[in-house]
Amino acid sequence: MEMTIGGKKIGAGHPCYVVAEIGINHNGDLAIAKRLIDVAYGAGCSAVKFQKRTVEVVYTEVELARPRESPFGDTNGELKRALEFGRDQYREIDAYCRSVGMVWFASPWDEASVDFLEEFSVPCHKIASASLTDDSLLRHVRATGKPVILSTGMSTMAQIDHAVQVLGREDLIILHATSTYPANYDELNLRVIPVLAQRFGVPIGYSGHETGIPSSVAAVALGACMVERHLTLDRAMWGSDQAASLEPNGITRLMRDVRLIESSMGDGQKRLMEREVPIMQKLRRVGL
C-alpha cells in the first residue's frame, strides 16, 4: 500500500519521505522559521512540519495560569500564546514555502486548528502522539479527505488499534515513536516498525526524538518509509524541543545516510556482481 503527499509517493519501493519537524523550535520568530525552512530545503528534506493549537481549547485555565518562567513571561499561558503563529504568520510561511518549493503541513491539536490549516490547502494532516486517543479530532481530520500521518508515542497497541479503527486505513501512514525528549537509545524499540507493518498493512514510518542519527537510518533499513526528525538552528537555544532536535549539519548527514542506506538495500536476490568478476578471477583457485 502507498500514499501520495505533495506529489511524492510514499511506501515500499519509493524513496524515504523525510520530514523536518520545525514544530515550535521557531520560538515565535518568523525569521527563525524561514531559516529552518531554508535548512530543510538545502538538506533535501521532503517537507517541513509545524504545530497548530487553539491555546484556550487545548489547555485548561488552570494549566495556562501555572507559573512557568520563559523569555515571554512568568506563566505557561504567556509561553503557549507566544509560540503560536497566527493567520498572518502562516500566510508568510505558506508563501515562503511555495517560493522555494517546499511542502509544509502541521499537527493540529484541536478541531478549529484543522479548519485553520485547511485554509492553506495543506496536503495532509499529522496526528501528534498526544492526540492519538482524541476520537473527535481524528474524525474531524479524516473528514477533510486528506492523507493522515498518525504518530504512536506514549500509546499502547490497543490504543493504536482503536485509532486506526476510527481513521480507517485508506491514505494512512503510521509512525512508530517514543515520546521522551530527548529519547534514550534503549527506549526506541525500533523492532516495532516491522510489527506495525505486518499488523496494519499500511506504510510505516518513524518519528525520532533521540539526539543522534544512526537509529533513524536503522529505522529505514527496518522498513520505515517516512522519517520525521525535529530541526533546530542550535540545540542550545531556548525551548523544550531543542535538545531532541538535529542541527543543520545533523539533518544534512541524516539525508545523506538515508539515501546511502536505501541504495545499499538492493532487491534481496543474491547474484554475482559484475565488478566482482575480475576479483573472483584473481583470487579464487577453484570453481571459476
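Reckoned from all heavy atoms, side chains included, excluding hydrogens, waters and symmetry mates. Please read all numbers here as calculations on a predicted model, not as lab measurements. Sequence positions, counted from 1, serve as the residue numbers for this chain.
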Non-neighbouring partners of [X] that pass ring pair (Phe, Tyr, Trp, His ring centres under 6.0 Å), sequence neighbours left out:
{"X": "Y181", "answer": "H209"}
{"X": "Y59", "answer": "none"}
{"X": "F200", "answer": "none"}

Measure across [X] and [Y] and return the closest heavy-atom pair with its distance rounded to 0.1 Å.
{"X": "A33", "Y": "I22", "result": "O-CD1, 4.1 Å"}
{"X": "A243", "Y": "R235", "result": "O-CD, 3.6 Å"}
{"X": "S155", "Y": "S129", "result": "OG-O, 4.4 Å"}
{"X": "V48", "Y": "C97", "result": "CG2-SG, 4.1 Å"}
{"X": "P108", "Y": "A106", "result": "CD-O, 3.3 Å"}

Any donor-acceptor N or O pair under 3.5 Å, side chains [X], [Y]:
{"X": "Q51", "Y": "S107", "answer": "no"}
{"X": "T180", "Y": "E187", "answer": "yes"}
{"X": "S216", "Y": "R229", "answer": "yes"}
{"X": "N76", "Y": "E63", "answer": "yes"}
{"X": "H125", "Y": "E118", "answer": "yes"}

Do the charged groups of [X] and [Y] touch, with an N to O distance under 4.0 Å?
{"X": "E78", "Y": "R68", "result": "no"}
{"X": "K52", "Y": "D110", "result": "no"}
{"X": "R91", "Y": "D94", "result": "no"}
{"X": "E119", "Y": "R87", "result": "yes"}

**Report entry** Nonpolar side-chain network containing F72, other nodes, edges under 4.5 Å
**Finding:** I24, L79, L83, W238
Query raised in the report: With sequence neighbours left out, what residues match Y17 under side chain to side chain donor-acceptor pair (under 3.5 Å)?
Result: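 For Y17 there are no side chain to side chain donor-acceptor pair (under 3.5 Å) partners, ignoring immediate neighbours.
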Query - Non-neighbouring partners of R271 that pass side chain to side chain donor-acceptor pair (under 3.5 Å), sequence neighbours left out - result: D267
Query raised in the report: Are Y90 and V100 grouped together when hydrophobic residues (ILVMFWY) are joined by side-chain heavy atoms under 4.5 angstrom apart?
Result: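 Yes, Y90 connects to V100 through the hydrophobic network.
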Query raised in the report: Cluster question for you: counting only ILVMFWY and a side-chain heavy-atom cut-off of under 4.5 Å, with indirect links fine, are V141 and F50 together?
Result: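 They do not share one cluster, since no chain of ILVMFWY contacts under 4.5 Å joins V141 to F50.
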Does any non-hydrogen side-chain atom of [Y] lie less than 4.5 Å from one of [X]?
{"X": "H14", "Y": "K8", "answer": "no"}
{"X": "V19", "Y": "V227", "answer": "no"}
{"X": "L175", "Y": "T152", "answer": "no"}
{"X": "I173", "Y": "C225", "answer": "yes"}
{"X": "T75", "Y": "L64", "answer": "no"}
{"X": "I10", "Y": "I5", "answer": "yes"}
{"X": "L233", "Y": "M237", "answer": "yes"}
{"X": "L188", "Y": "E210", "answer": "yes"}

State the [atom1]-[atom2] distance between [X] and [Y], to the nearest 0.5 angstrom.
{"X": "Q89", "Y": "D29", "atom1": "CD", "atom2": "CG", "answer": "10.5 Å"}
{"X": "N27", "Y": "N25", "atom1": "CG", "atom2": "CG", "answer": "7.0 Å"}
{"X": "L196", "Y": "H176", "atom1": "CG", "atom2": "NE2", "answer": "7.5 Å"}
{"X": "I174", "Y": "L150", "atom1": "CD1", "atom2": "CG", "answer": "6.0 Å"}
{"X": "E247", "Y": "I251", "atom1": "CD", "atom2": "CD1", "answer": "11.5 Å"}
{"X": "N249", "Y": "I213", "atom1": "CG", "atom2": "CD1", "answer": "7.0 Å"}

Requested in this report: Determine, step by step, whether E111 and S136 satisfy the side chain to side chain donor-acceptor pair (under 3.5 Å) criterion, reporting the C-alpha distance in whole Å, the side-chain angles of both residues, the deciding distance to 0.1 Å, and the verdict.
Outcome: CA-CA 8 Å; E111 291 85 344; S136 176; 2.5 Å; yes
Requested in this report: Evaluate the criterion side chain to side chain contact (heavy atoms under 4.5 Å, CB included) for residue pair M255 and V18; output intermediate values, then yes/no.
Outcome: CA-CA 8 Å; M255 290 302 305; V18 180; 3.5 Å; yes
**Report entry** Test side-chain contact (heavy atoms from CB on, under 4.5 Å) applied to A221 - qualifying residues, sequence neighbours left out
**Finding:** I261, M265
Those residues that, when tested against [X], pass salt bridge (charged side-chain N to carboxylate O under 4.0 Å, His left out) (two or more places apart):
{"X": "E69", "value": "none"}
{"X": "E276", "value": "none"}
{"X": "R81", "value": "E56"}
{"X": "R139", "value": "none"}

Query raised in the report: What pairs meet the salt bridge (Lys or Arg N to Asp or Glu O under 4.0 Å) rule with one or both residues in residues 165-185, with sequence neighbours excluded?
Result: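 Counting only pairs at least two positions apart or across chains, no salt bridge (Lys or Arg N to Asp or Glu O under 4.0 Å) contact touches residues 165-185.
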Query raised in the report: So, F120 versus F105, ring centres under 6.0 angstrom or not?
Result: no
Report task. Check the pair F85 / E92 against side chain to side chain contact (heavy atoms under 4.5 Å, CB included), numbers first and verdict last. Result -> CA-CA 10 Å; F85 281 155; E92 284 204 45; over 6 Å; no
